[in-house]
Amino acid sequence: MTDERLFQVQRHERLLTELHTHGAVRVRELARDLGVSELTIRRDIAALAARNLVNRVHGGATLPSRSRPAGRPRAAVTSGFTIGMVVPSLDFYWPPVIAGARAAAGALGVTLQLRGSSYEPDEDRRQIRRLVEAGEVRGLLLAPSLDDDAMIDWIGGLPIPSVLVERQPRRRHRTDWVRSDHGLGLEIAVQHLSEHGHRRIGLLLSRGSPTSAYLRHPDLLPPVLLDDPPHRMVREVVAGCRRAGATALIVHSDPHAIAVAQACAEQGWRVPEDMALISYDDEVAHLGEPPLTAVRPPKNHVGRLAVELIVSRLLDGSQRPAQGVLVAPSLVVRQSSPFHVRV
């Protein structure tokens with residue numbers, strides 16, 4: 001199931017890329033190029049058509065055209081759109097999301113206005129108000145703090161539509177959103193470790209991180225929360241995991257995972273022979289010693305899909321059903337995890 005979901009996302013990305021490049025795709029040719037059945041491609045087209053990202057035609061698909069005059073490319077219809085984007089950080093995690101959004105905006109002829117915020121609701125509101133009150137933007141891509149329902153209610157009352165990016169309302173709400181499927185990312189990591197014989201796997205999470213809220217798995221030891229930035233308690237936590245019989249750890253995020261690897265080295269434990277490690281985020285995991293295997297959220301794709309969702313909302317209006325989209329992460333295998341445990 002994990003591989004099927006991952007491959008489906010990759011096929012969808014390839015299909016949309018071909019459409020934006022050529023304006024149309026044929027089922028037979030795409031099935032041949034991707035090495036899958038024509039039925040699989042037809043199902044992919046149907047799934048994208050349900051999100052109003054493609055039009056189904058006999059033998060293939062085209063870009064949506066019902067909202068634009070015949071003969072005019074999609075970019076010509078959307079070239080007057082300006083979209084505001086507010087993210088909590090302009091460095092760690094968010095640059096690939098922003099890059100994906102900018103790439104999609106460029107392909108669609110959309111202008112993107114970017115604002116950096118923080119992880120504070122008041123600052124989120126201030127930056128969002130600036131964009132709305134300027135009167136230039138027609139839609140918003142937002143990644144606010146959602147610690148309570150007040151923020152999502154406030155966003156719902158704005159005069160222009162929005163899409164949540166790497167965020168999901170905690171209750172039912174008529175708001176579009178797109179985020180990485182972090183639960184699936186954790187499942188991919190667990191599967192990788194299980195295939196190498198690990199049965200006692202610990203989970204260390206960054207306290208207060210929005211991502212950590214999605215990282216839970218019934219087959220893991222109870223999660224342990226780590227302070228940000230990493231603290232001396234990392235050594236004690238690792239020792240506790242060893243006493244609990246853990247042979248592998250999944251750690252969010254990269255700085256914490258690197259600190260865990262350092263704590264193992266200080267206590268004479270080899271990675272991965274004595275303790276396998278998988279980091280979650282893959283921002284700087286490759287700088288660890290040893291380089292860390294990591295779950296990589298599909299940040300670029302999330303940014304691209306967020307732009308496509310808000311453009312579809314602007315073209316189709318308020319009658320378009322609200323959508324939530326999950327995008328599958330991938331696993332980058334390096335030197336910290338391949339050791340096979342003897343049973």
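Residues: numbered from 1 along the sequence shown.
Aromatic ring centroids of H252 and H256 lie 6.0 Å or more apart.
The closest side-chain heavy-atom distance from I98 to V87 is below 4.5 Å. Looking at heavy atoms from C-beta onward, Y280 lies in side-chain contact with T211 at the 4.5 angstrom threshold. V97 places none of its side-chain heavy atoms less than 4.5 Å from the side chain of N300. Contact check for T40 versus R11: side-chain heavy atoms found under the 4.5 Å cut-off. In this structure, W269 and V238 have side chains that are in contact, with non-hydrogen atoms separated by less than 4.5 Å. Under the 4.5 Å side-chain criterion, counting only non-hydrogen atoms from C-beta, P88 is in contact with R167. Taking the side chain as every heavy atom from C-beta outward, L186 and L203 approach each other to under 4.5 Å. Between I201 and I250 the shortest side-chain heavy-atom distance falls below 4.5 Å.
In this structure, the side chain of S279 does not engage the main chain of L292 through any donor-acceptor pair within 3.5 Å. Under the 3.5 Å distance criterion, the side-chain polar atoms of N55 are left unmatched by any main-chain donor or acceptor of A61. Checking side-chain atoms of D254 against main-chain N and O of E283 turns up a donor-acceptor pair under 3.5 Å. Side chain of T82 to backbone of T111: no donor-acceptor contact under 3.5 angstrom is found.
Here the CG atom belonging to L249 is positioned 5.0 Å from the SG atom belonging to C241, to the nearest 0.5 angstrom. Rounded to the nearest 0.5 Å, atoms CG (L141) and CE (M85) are 5.5 Å apart. Rounding to the nearest 0.5 Å places CG of L15 at 11.0 Å from CG of D33.
The pair E29-R32 does not count as a salt bridge, with every side-chain nitrogen at least 4.0 angstrom from each carboxylate oxygen. In summary, D282 and R334 engage in a salt bridge, as defined by a charged side-chain N under 4.0 Å from a carboxylate O. R304 and E308 are not joined by a salt bridge, as no carboxylate oxygen comes within less than 4.0 angstrom of a charged side-chain nitrogen.
Atom CZ of R102 is surrounded by 12 or fewer heavy atoms from other residues, nucleotides or ligands within 6.0 Å. Around atom CZ of R125, more than 12 heavy atoms belonging to other residues, nucleotides or ligands sit under 6.0 Å away. For R126, the CZ atom sits in a packed shell: over 12 heavy atoms of surrounding residues, nucleotides or ligands are nearer than 6.0 Å.
In terms of heavy atoms, R200 sits closest to A244 at NH2-O, 2.7 Å. Between R242 and M275, the shortest heavy-atom contact is CD-CE, 3.4 Å. Here the closest non-hydrogen pair linking K299 and P96 is CB-CB, 3.7 Å. A pairwise comparison of heavy atoms in S337 and P272 identifies N-CB, 3.9 Å as the closest pair.
Within the cation-pi definition used here (under 6.0 Å to the ring centroid, within 45° of the axis), R179 qualifies as a partner of Y214.
A side-chain donor-acceptor contact under 3.5 Å links S180 and E166. Donor-acceptor pairing under 3.5 Å is recorded for the side chains of Q191 and E195. Counting only N and O atoms by type, the side chains of Q262 and E266 include no donor and acceptor under 3.5 Å apart.
When hydrophobic clusters are built by joining Ile, Leu, Val, Met, Phe, Trp and Tyr residues whose side-chain heavy atoms come closer than 4.5 Å, directly or via intermediates, V165 is grouped together with L114. When the side chains of ILVMFWY residues are joined at heavy-atom separations under 4.5 Å, either directly or via intervening members, V284 and L277 end up in a single hydrophobic cluster. I278 and V332 end up in different hydrophobic clusters when Ile, Leu, Val, Met, Phe, Trp and Tyr side chains are linked at under 4.5 Å. There is a path of hydrophobic side-chain contacts, each under 4.5 Å, that joins L184 to V333. Under a hydrophobic clustering in which Ile, Leu, Val, Met, Phe, Trp and Tyr are joined whenever their side-chain heavy atoms come within less than 4.5 Å, directly or via other members, L30 and V36 fall into the same cluster.
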Can H192 and T293 be said to form a side-chain hydrogen bond (donor to acceptor under 3.5 Å, both in side chains), step by step?
CA-CA 10 Å; H192 172 73; T293 293; 5.0 Å; no
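In this structure R43 satisfies the side chain to side chain donor-acceptor pair (under 3.5 Å) test with no other residue, sequence neighbours excluded.
Each of V86, L158, L142 was evaluated against L131; a single residue qualifies, V86, per the side-chain contact (heavy atoms from CB on, under 4.5 Å) test.
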